[in-house]
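Just below is one structure, and these are the notes that go with it.
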Amino acid sequence: MIHQGEYIRDILRGEVGKTVHAHGWVKTRRDSKGVSFVQLNDGSSFQDLQVVIEEGALPEEAMKQTTTGACVRVTGELVASPAAGQAVELKAKEILVYGGADPATYPLQKKGHTMEFLRDIAHLRTRSNTFGAVFRVRNALAHAIHNFYRERGFVYVHTPIITASDCEGAGAMFGVTTLDMMNLPRNDSGAVDYSKDFFGKPAYLTVSGQLNVEIFALSFTNVYTFGPTFRAENSNTPRHLSEFWMIEPEMAFCDLEGDMELAEAFLKYIIKYVMEACPDDLEFFNKRIDNTVLATLSQVVENNFEHVTYTEAIRLLEKSNRTWEFPVFWGADMQSEHERYLTEEVFKKPVIVTDYPKEIKAFYMRANDDGKTVRAMDVLAPRIGEIIGGSQREERYDVLLDKIRKQELNEEAYWWYLELRKYGSAPHAGFGLGFERVMLYLTGMKNIRDVIPFPRTPGSADF
RNA sequence: UCCCUGCUAGCUCAAUGGCAGAGCGUUCGGCUGUUAACCGAAAUGUUGAUGGUUCGAGUCCAUCGCGGGGAGCCA
């Protein structure tokens, strides 16, 4: 295996004169009279290692197989590069071809490909410049998230992926069953008899770890989850996946102000972290994908988020003298066009909207004294819309029970959630952040299917 | 799920209802310490599928499939 110090990333910073072994996949090859140039990449950095092969230095058979897409090990001397583009290059003395790649059929060309085409070859797109950069950033972002919470004493909680409680929210859920679909057990009234199913009752893939993580917040104080989430909604947009990753912090002894403070610090931290960890990759995104990415990220890190209440936001929209496709009035849910107007035209930066009407928000959000609004907050970002949704939770037993009853939810299903308010309740708050939405923001990529290794969307679960 | 739009060579795209094209890639040759190199030549097609209209359909019509943009749902 390859150890620290042996990746191409390390070789590029290596000492001239040393003999090194470079392992990787050939990105391109250029031939001149008497010399060939092979760009080698092992995923460890955006920059390739330029391998220089003088005529006759390597066996002809091996040279024939050293084509775009081939996997090779090159042994040689690291030398200073006489040309621009790289500080050092590898002067080949020996080559081992692990696996060739027929140039006539290898689909990746030197020229740019569309994201749609690359998505169809998800087993090879990881070797392209764009997806190399995307997945290095994704990796750095995951580390940034854990670092942020660890530095603040948060406990990382693994909430369940399979859940038998259908009380997690309004999102459509995927069923999990081992029943024979061709021969379903029925009860007397003809309905499916789930007592015969694997868990003895209907089970689903989780749409959120929030309710579970609240249990841990009321024991470990500050906690977070970071894991996959599933939505069976028939959403076909560049911003939705059926399987995506979500980060959900939850803090005891915390109100909405503390929640917002953490959300802002969190976004700034992870952006800064990735900017420092992946400068080459971000520069590539800025050059080839979206030339506003770097400026936008710096701007977010350096400035404070805007804060408005829902009521103020509605007033701003009403004052705009625009004709909206969806009418604006107090009590209406904000639409994409409204969010975009606020973030892209009024404030031109992330905006935190708070205190929404209780009718358009979830039952567990803490009621304000005005009787009309709840302590909810959405962080809206230019271009991608809602990136964080959170709230202070209703910690008062009677108020929560009343809400569950008024919304005609299944009171019994929430028995343990209610008991958390009965035994040692505490004010607490949290939010959910879509991991891939942050990826869109960081990379400037336009489609969420291109920032996750293997996208799952309605009608599509390849690879 | 709704609205709009697209599907032609490996890729990106041309083609008034009338002979199926180009660039890139590939192969071969040339030139050059090259950087998405350059010059010349060659090979490459069930025009997404199924029906229909027509003397004749890549082009028009219908249905289906898949992609893209927008919307809804949301993270």
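Numbered from 1 within each chain, the chains take letters A, B, ... in sequence-line order. Please read these numbers as outputs of a predicted model, since none were measured by experiment.
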Examine [N]: is either OP1 or OP2 under 4.0 Å from a nitrogen or oxygen in the side chain of [X]? Give yes or no.
{"X": "Gln50(A)", "N": "rG33(B)", "answer": "no"}
{"X": "Lys33(A)", "N": "rU32(B)", "answer": "no"}
{"X": "Asn447(A)", "N": "rG69(B)", "answer": "yes"}
{"X": "Arg30(A)", "N": "rA37(B)", "answer": "yes"}
{"X": "Ser336(A)", "N": "rG70(B)", "answer": "no"}

Donor-acceptor check, side chain of [X] to backbone of [Y], threshold 3.5 angstrom: yes or no?
{"X": "His146(A)", "Y": "His143(A)", "value": "no"}
{"X": "Arg138(A)", "Y": "Met439(A)", "value": "no"}
{"X": "Glu395(A)", "Y": "His428(A)", "value": "no"}

Would you say the side chain of [X] and the base of [N] hold a donor-acceptor pair, judged only by whether the two atoms sit under 3.5 Å apart?
{"X": "Asp31(A)", "N": "rU32(B)", "result": "no"}
{"X": "Arg437(A)", "N": "rC74(B)", "result": "yes"}
{"X": "His240(A)", "N": "rC74(B)", "result": "yes"}
{"X": "Glu54(A)", "N": "rG33(B)", "result": "no"}
{"X": "Ser235(A)", "N": "rC73(B)", "result": "yes"}
{"X": "Gln109(A)", "N": "rU26(B)", "result": "no"}

Inter-nucleotide [atom1] distance ([N], [M]), Å rounded:
{"N": "rG48(B)", "M": "rG23(B)", "atom1": "P", "result": "22 Å"}
{"N": "rU8(B)", "M": "rG67(B)", "atom1": "C1'", "result": "15 Å"}
{"N": "rC66(B)", "M": "rC24(B)", "atom1": "C1'", "result": "25 Å"}
{"N": "rA71(B)", "M": "rU35(B)", "atom1": "C1'", "result": "44 Å"}
{"N": "rG56(B)", "M": "rG45(B)", "atom1": "P", "result": "26 Å"}
{"N": "rG58(B)", "M": "rA49(B)", "atom1": "P", "result": "11 Å"}

Distance under 6.0 Å and angle within 45° of the ring axis: does Arg152(A) meet both against Tyr269(A)? yes
Looking at [options], which one has an atom nearest to any side-chain atom of [X]?
{"X": "Phe326(A)", "options": "rG72(B), rG33(B), rC74(B)", "value": "rG72(B)"}
{"X": "Val35(A)", "options": "rC73(B), rG33(B), rG67(B)", "value": "rG33(B)"}
{"X": "Ala104(A)", "options": "rU26(B), rA75(B), rG72(B)", "value": "rU26(B)"}
{"X": "Pro82(A)", "options": "rA71(B), rG33(B), rA75(B)", "value": "rG33(B)"}

Are more than 12 heavy atoms from other residues, nucleotides or ligands located less than 6.0 Å from atom CD of Glu408(A)? no
Heavy-atom count check: over 12 atoms from other residues, nucleotides or ligands less than 6.0 Å from Lys446(A) NZ?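 Counting other residues, nucleotides and ligands, NZ of Lys446(A) exceeds 12 neighbours.
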Could you tell me the separation between the [atom1] atom of [X] and the [atom2] atom of [N], rounded to a whole number of Å?
{"X": "Asn234(A)", "N": "rC74(B)", "atom1": "CG", "atom2": "P", "answer": "15 Å"}
{"X": "Arg231(A)", "N": "rG72(B)", "atom1": "CZ", "atom2": "C1'", "answer": "15 Å"}
{"X": "Ile388(A)", "N": "rC74(B)", "atom1": "CD1", "atom2": "P", "answer": "17 Å"}
{"X": "Asp120(A)", "N": "rG65(B)", "atom1": "CG", "atom2": "C1'", "answer": "14 Å"}
{"X": "Lys91(A)", "N": "rG33(B)", "atom1": "NZ", "atom2": "P", "answer": "16 Å"}
{"X": "Asp48(A)", "N": "rU34(B)", "atom1": "CG", "atom2": "P", "answer": "18 Å"}
{"X": "Asp378(A)", "N": "rA75(B)", "atom1": "CG", "atom2": "C1'", "answer": "10 Å"}
{"X": "Lys361(A)", "N": "rC74(B)", "atom1": "NZ", "atom2": "P", "answer": "8 Å"}

Considering every strand and a 4.0 Å limit on heavy-atom distances, what is the contact class for [X]: base, sugar-phosphate, or nothing?
{"X": "Leu241(A)", "result": "base"}
{"X": "Glu248(A)", "result": "nothing"}
{"X": "Arg449(A)", "result": "sugar-phosphate"}
{"X": "Phe117(A)", "result": "sugar-phosphate"}
{"X": "Thr114(A)", "result": "sugar-phosphate"}
{"X": "Pro238(A)", "result": "sugar-phosphate"}
{"X": "Glu325(A)", "result": "nothing"}
{"X": "Glu436(A)", "result": "nothing"}

Would you give the length of the straight line joining atom SG of Cys254(A) to atom CG of Leu262(A), rounded to the nearest 0.5 angstrom?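 Nearest 0.5 Å value for the SG-CG distance: 7.0 Å.
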State whether the aromatic ring of Phe37(A) stacks on the base of rG33(B), taking stacking to mean ring centres under 5.5 Å apart and ring planes under 30° to each other. no
Checking ring-ring contact (aromatic ring centres under 6.0 Å, His included) for the pair Phe266(A)/Tyr149(A): CA distance, chi angles, key distance, verdict? CA-CA 9 Å; Phe266(A) 179 44; Tyr149(A) 289 114; 5.0 Å; yes
